[in-house]
Enquirer: 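I'd like to ask some things about the structure below.
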Amino acid sequence: MSSLAFAVAAPLGGRSPAAIGHGVSAVTPRILAPSGRSASSGSDGPGPSGMASAGLAAVAVLVGDAAVRRQKQRHSKGRYGLSRTATVGDKQVSQQYVNLTGFPFPLGPLLARRTVRKKVGDGIWTFEQEQSLANIAVNVRMTAIELESGGLWIHNPVAPTEECVALVAELGLPVRFIVLGSTQYEHKIFVGPFSRKWPDAKVFLTPQQWSWPLDLPSQLYGIFPEGDLKDGDKNTPWAAEIEQRVLAPSVRLGSSVGLNYGACETAFFHRRSKTLLCTDAVVFVPEQPPAVLDRAELVALGRSNDNVVLDLVAVTNWRESGDAIREAQKAKVSLSDDEYARIGWRRNALLALFFGPDGRSILNPTEAFDSISGKWIVSPVCYSLVYSGEIRQAVLDWSNAICKWDFEQIIPGHFAGPVRGTPSDVRRAFEVLAPGTEATKPAEFALPWPFPQPVRYRAQDLKLLSDIKGLLTTLKVI
């Protein structure tokens, strides 16, 4: 997932917020920008650069308002207070974890995080927690693999709450290796604290780790690595069981404004289970929300009234959808909580993936959601803002290298996983980056359903990201 601070800071010449901690927040931006139409003249308003700048200028106020409302609601209901506990085995353990990093809006939850552990294969477990910004949330995933040589190999650690530590310890295996598969803040933030719970474990990092505004060594953020991951390295301690391919473009994004953003990721192939492990490269949006997300909040997001997201869409007249939102809010519609949760999850996914999808897609998310769900895709934010410009060919070369593995399932860092996925699925996802491909236009040739369909994004939902991409390209950021 792309970074809120990167998206905000780059067009403003690097004067906007950085993350407190190692790197810029990697949570997808989820806030809506004002309408581009001029109220006084009735003209079409500013062009793409003006739209992008106006949208980004509105982020601070809108995120702040939504974040304050969300935290008040959560804490008033006691769902995420410091005293929250869970039972692991026969013990009561705390879910407390105070996180105030990610300036100016910390990556929530701020005070406590629930951990959901699931056995997904022979000697393979996933551990999911929530990550949130404003009142939109997604899951973030850690994967633990039991090595045949003994002990656990940990991919992308999550917050080491007492509950999380107890769930790992309950497996009865020592943690031998902790691997960070990305340079993104949301995954990097917990490497240091997690490794201190298992001080004998060796830590390995994807290269080009960075921080902003000062690019400081990882050690100053409590991360003491054994070394960097190397592409195709056959000398790693796990090489007999797990292969790796590293995306490390020679060009760093945002160097013209002092960001030096390393858009790097390491993909892994676990031979025994034929599993591809990645972080943000591809996602699979499921019909049902991840279990770790708060159902009550999805229900609230699915309603038309008392909904901060729809209120913001209406007040900003986003893509001239204000009237449609207000009409929907006037209607007296009563649905079941299950239906509200379904709508809320669809809105949540669209906001997480598109930054600011079309206002009508937020109001009635079915068609937009169906266009990106149930298949492996490159997330729209990564497609537009991370895998663009000068590094696009490097990303394509990396994806082609990954597809030489004969994997049968994929475990990504967000959304659903593991889900069946093959090299053909990954090639299809990355086809949007191929030269000459128009990612918002139907493919020139495609077999009819039920054959797999090409990945495409709806132009009206991708519009804001396209505008921001144009601005960043003009500024030579990407």
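Along the sequence shown, residues are numbered consecutively beginning with 1.
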Enquirer: Is it true that Arg272 and Asp122 make a salt bridge, defined as a side-chain N closer than 4.0 Å to a carboxylate O?
Expert: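 Yes, charged N to carboxylate O under 4.0 Å.
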Enquirer: Any side-chain donor-acceptor pair under 3.5 Å between His155 and His187?
Expert: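 No - no donor-acceptor pair under 3.5 Å links their side chains.
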Enquirer: Looking at CZ of Phe407 and CZ of Arg420, how far apart are the two atoms once the value is rounded to the nearest 0.5 Å?
Expert: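 If we round to the nearest 0.5 Å, Phe407:CZ and Arg420:CZ are 10.5 Å apart.
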Enquirer: I'd like to know if Lys274 and Asp406 make a salt bridge, using a cut-off of under 4.0 Å between side-chain N and carboxylate O.
Expert: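 Counted as a salt bridge, because a side-chain N and a carboxylate O are separated by less than 4.0 Å.
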Enquirer: Tell me whether the guanidinium CZ or amine NZ of Lys469 lies under 6.0 angstrom from the six-membered ring centre of Tyr383 and within 45° of its axis.
Expert: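 Here Lys469 passes the 6.0 Å and 45° test against Tyr383.
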Enquirer: With a 3.5 Å cut-off and no angle check, do the side chains of Gln129 and Thr115 form a donor-acceptor pair?
Expert: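 A donor-acceptor contact under 3.5 Å links the two side chains.
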Enquirer: Under the side-chain hydrogen bond (donor to acceptor under 3.5 Å, both in side chains) rule, what do Ser182 and Glu265 come out as? Steps first, then yes or no, please.
Expert: CA-CA 4 Å; Ser182 171; Glu265 181 171 337; 5.3 Å; no
Enquirer: Under a 4.0 Å N-O cut-off, is there an ion pair linking Arg342 with Asp338?
Expert: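 So Arg342 does not pair with Asp338 through a salt bridge.
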Enquirer: Does this structure show an ion pair linking Asp233 with Lys230, if we count only N-O contacts that are shorter than 4.0 Å?
Expert: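 Answer for the salt bridge query: no.
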Enquirer: For the pair Lys441 (side chain) and Thr437 (backbone), establish whether a donor and an acceptor sit closer than 3.5 Å, ignoring hydrogens and angles.
Expert: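 Pair absent, no side-chain N/O of Lys441 close to backbone of Thr437.
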Enquirer: If the threshold is 4.0 Å, N to carboxylate O, is there a salt bridge linking Arg456 and Glu431?
Expert: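 Between Glu431 and Arg456 there is a salt bridge, with a charged N closer than 4.0 Å to a carboxylate O.
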Enquirer: Less than 3.5 Å apart, any donor N or O on the side chain of Arg319 or Ser361 sitting next to an acceptor on the other?
Expert: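 No, Ser361 and Arg319 have no side-chain donor paired with an acceptor closer than 3.5 Å.
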Enquirer: Please work out whether the ring planes of Phe415 and Trp345 are parallel, tilted or perpendicular, with thresholds of 30° and 60°.
Expert: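 If you compare the ring of Phe415 with that of Trp345, the planes turn out tilted.
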Enquirer: State whether the number of non-hydrogen atoms from other residues, nucleotides or ligands found under 6.0 Å of Glu170 atom CD is greater than 12.
Expert: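 Yes, because the 6.0 Å sphere around CD of Glu170 holds more than 12 heavy atoms from other groups.
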Enquirer: Does Gln219 reach the side chain of Pro225, with side-chain heavy atoms less than 4.5 Å apart?
Expert: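 In contact.
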Enquirer: Is the side chain of Arg252 donor-acceptor paired with the backbone N or O of Gly262 at a distance under 3.5 Å, no angle test?
Expert: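 No.
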Enquirer: How far does CZ of Phe284 sit from CD1 of Ile410, to the nearest 0.5 angstrom?
Expert: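 Reported to 0.5 Å precision, the distance equals 9.5 Å.
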Enquirer: Before accepting this row, confirm whether a basic side-chain N of the pair Glu243/Arg271 lies closer than 4.0 Å to the acidic partner's carboxylate O.
Expert: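 A salt bridge is present here (some side-chain N lies under 4.0 Å from a carboxylate O).
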Enquirer: Is the shortest side-chain heavy-atom distance between Gln244 and Thr236 below 4.5 Å?
Expert: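 Sidechains of Thr236 and Gln244: in contact.
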